[in-house]
Amino acid sequence: RPQKGDSRNSSSTVTEFILVGFEQSSPSTRALLFTLFLALYSLAMAMNGLIIFITWTDPRLNSPMYFFLGHLSFLDVCFITTTIPQMLVHLVTKNHTVSFASCLTQMYLVFGVGVAECILLAFMAYDRYVAICHPLNYAQIMSQKVCVRLVCSSWIFGMVNGILLDYMTFRGPFCRENHIENFFCEAPIVIALSCGDPEFSLKVIFMDAIVVLLSPMVLIVTSYARILASILRRASSAGRGKTFSTCASHLTVVVFFYTSAMFSYMNPRSTHGPDKDKPFSLLYTIITPMCNPVIYSFRNKEMKGAMGRALGRGSLAQAESV
C-alpha cells in the first residue's frame with residue numbers, strides 16, 4: 001500500500017487511503033462498537049423511515065412544518081448511509097482501504113447532504129417564525145409552491161457547494177501518509193495529507209463554513225428572537241408553554257448539529273486530532289440523525305399520534321393477513 005513518495009512523482013503515488021478508524025482497538029472493543037453502532041444505525045434508519053412515511057402519507061400532517069420534517073429525515077437517512085455502513089464493515093474486517101474515487105465520492109455526499117441540512121434547518125426556523133408571528137398570512141406566505149422551492153434550493157446549494165469543497169480538498173497531489181485518522185474521509189484530515197501547501201484549501205473551507213454554518217445560524221437566532229418577543233408580549237401562560245414546546249424540538253436539533261459541525265470545520269488545525277475528531281464526527285454522523293426523530297416525536301403530540309396510527313395500521317394489516 002503506497003504511503004510515502006517523492007513529490008515529483010506525486011500524481012501517481014497515492015491511489016487509495018487507509019481509514020484507521022478504530023483499528024487500534026482490541027477485537028472485543030471492536031465487536032462491542034460494531035454491536036452498538038449497528039443498533040444505533042438501525043434505530044436511526046427505522047425512526048427516520050417512519051417519519052418519512054407518516055409525513056408523506058398522513059393527511060393530518062399536511063402543514064409545512066411536517067413537510068420540512070419529512071425532508072429533514074430523508075436527509076438524515078442519506079447522511080448516515082454515506083458513512084456508517086462502511087464503518088461497520090471496517091469494524092469486522094482487516095482491510096480498511098478505500099479508493100481515491102470512493103473517498104472523493106463519500107466526501108462529496110457528506111458535504112452536499114450536510115450543507116443541505118444546515119440550510120433546511122434555517123428554513124424550518126423561518127417556518128416557525130411565520131406560523132407564530134404571522135398566523136393570518138401563514139398559508140399564503142408558506143404555500144406549497146414556496147415550501148417546494150425552499151427544499152429544492154437547499155438541495156441545489158448543498159450539491160453545488162459540495163463540488164467546490166471536494167475540489168478544494170483534492171486539488172493538490174497526495175504523496176504523504178495515506179492513513180486517515182478517522183472512520184470516514186473528512187476534509188481537514190485529508191487536506192493535511194496533501195504534499196502541497198494545505199493552508200489555502202483549509203482557509204477556503206473555513207470561509208465556506210462561515211457562510212454555510214453562520215448564515216443559517218443568524219436566520220435561526222433572528223427567527224427565534226422574534227418568536228420569543230412575540231409570545232412574551234401577547235400569549236397566555238398556556239399558549240407560551242405550547243409554543244415553547246413546539247420550538248424546543250427544533251432548537252435541540254440545531255444545537256446538536258451545529259455544535260459538532262462547527263468544531264469539525266471551523267476550529268484551528270492545531271486543535272484537531274484523532275481523540276478530538278472522532279467523538280465530534282460520531283456526534284454529527286450518527287448521534288444527531290438518530291436523535292432528530294426521537295426529539296421531534298416525543299415532544300410533539302401530533303407526531304406521536306401519527307406514529308401510533310401508522311403502527312396500529314401495520315399491526316392490523318399483519319393480523320388480517322394471518
Side-chain angles (χ1 to χ4, degrees), residues 44-45 47-57 61-85 102-130 141-170 184-187 204-205 207-220 223 249-250 253-254 256-258 260-262 264-265 284-286 288-293 296:
M45 293 293 288
M47 293 291 290
N48 281 294
L50 180 59
I51 286 184
I52 293 170
F53 175 75
I54 62 177
T55 54
W56 293 359
T57 59
L61 304 180
N62 60 356
S63 68
M65 180 176 75
Y66 298 111
F67 175 78
F68 290 132
L69 179 57
H71 283 278
L72 178 66
S73 290
F74 182 71
L75 282 170
D76 281 336
V77 167
C78 295
F79 193 73
I80 199 173
T81 304
T82 61
T83 56
I84 303 305
S102 296
C103 190
L104 186 147
T105 302
Q106 183 186 56
M107 194 177 298
Y108 171 74
L109 293 174
V110 169
F111 277 139
V113 176
V115 170
E117 185 160 339
C118 287
I119 298 172
L120 186 62
L121 287 171
F123 290 153
M124 292 175 72
Y126 176 73
D127 169 71
R128 292 297 83 211
Y129 158 72
V130 176
I141 296 174
M142 301 301 295
S143 64
Q144 184 178 7
K145 184 181 293 185
V146 170
C147 292
V148 170
R149 287 177 178 174
L150 291 176
V151 170
C152 290
S153 64
S154 66
W155 272 100
I156 292 171
F157 187 85
M159 295 302 106
V160 173
N161 193 71
I163 295 174
L164 168 66
L165 297 178
D166 241 19
Y167 170 75
M168 295 309 304
T169 303
F170 291 96
F184 74 103
C185 296
E186 193 168 35
V204 171
I205 289 180
M207 295 301 296
D208 183 82
I210 291 178
V211 175
V212 169
L213 294 174
L214 295 189
S215 297
M217 181 63 79
V218 169
L219 178 58
I220 291 170
S223 297
S249 305
H250 184 243
V253 171
V254 167
F256 268 123
F257 187 82
Y258 276 83
S260 54
M262 284 180 178
S264 297
Y265 295 100
Y284 75 83
T285 56
I286 188 168
T288 301
M290 183 200 68
C291 289
N292 285 356
Y296 277 108

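- With Tyr108 contributing its side chain and Met159 its backbone, the two residues share a donor-acceptor pair below 3.5 Å.
- A donor-acceptor pair is defined here as one N or O able to donate and one able to accept, closer than 3.5 Å; no such pair exists between the side chain of Glu117 and the backbone of Leu72.
- Looking only at side-chain heavy atoms (C-beta outward), Tyr66 and Leu69 come within less than 4.5 Å of each other.
- Considering all non-hydrogen atoms of both residues, Ile286 and Ile80 come closest at CG1-CD1, 3.9 Å.
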Test Val212 against Phe157 for side-chain contact (heavy atoms from CB on, under 4.5 Å), laying out the working first. CA-CA 10 Å; Val212 169; Phe157 187 85; 4.0 Å; yes
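- Under the 4.5 Å side-chain criterion, counting only non-hydrogen atoms from C-beta, Ile205 is in contact with Thr169.
- Residues Val115 and Gly158 share a closest heavy-atom pair of CG1-CA, 3.8 Å.
- Phe111 approaches Leu165 most closely through the heavy-atom pair CD2-CD1, 3.4 Å.
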Determine whether Val146 and Ile141 satisfy the following criterion, side-chain contact (heavy atoms from CB on, under 4.5 Å), listing intermediate values before the conclusion. CA-CA 8 Å; Val146 170; Ile141 296 174; over 6 Å; no
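- Val151 has its side chain within reach of Phe67: a pair of non-hydrogen atoms, C-beta onward, lies under 4.5 Å apart.
- Ser73 places no side-chain N or O within donor-acceptor distance of the main-chain N or O of Gly70, the cut-off being under 3.5 Å.
- In terms of modelled atom types and a separation under 3.5 Å, the side chain of Thr55 and the main chain of Ile52 share a donor-acceptor contact.
- Counting only heavy atoms from C-beta outward, the side chains of Phe68 and Leu150 approach each other to under 4.5 Å.
- The environment of Phe170 atom CZ is dense: over 12 non-hydrogen atoms of other residues, nucleotides or ligands sit within 6.0 angstrom.
- Note that the CE atom of Met107 and the OG atom of Ser102 stand 12.0 Å from one another [nearest 0.5 Å].
- Between the CZ atom of Phe184 and the CD1 atom of Ile84 there is a distance of 8.5 Å, given to the nearest 0.5 Å.
- Rounding to the nearest 0.5 Å gives a distance of 5.5 Å between CG of Leu121 and CD1 of Ile220.
- Summarising the geometry, atom CG belonging to Asp166 is positioned 10.5 Å from atom CG belonging to Asn161; distances are rounded to the nearest 0.5 Å.
- Using modelled atom types, one side-chain atom of Asn48 and one backbone atom of Ala44 make a donor-acceptor pair closer than 3.5 Å.
- Pairing each heavy atom of Tyr126 with each of Met142, the nearest pair is CE2-SD, 3.9 Å.
- Rounding to the nearest 0.5 Å gives a distance of 10.0 Å between CG of Asp76 and SG of Cys291.
- Contact detail for Leu120 and His71: the closest heavy-atom pair is CD2-C, 3.9 Å.
- Here CG of Leu214 is found 13.0 Å from CG of Leu219. Values are rounded to the nearest 0.5 Å.
- For the pair Met290 and Met47, the minimum side-chain heavy-atom distance is 4.5 Å or more.
- Contact detail for Ser223 and Ala125: the closest heavy-atom pair is CB-O, 3.7 Å.
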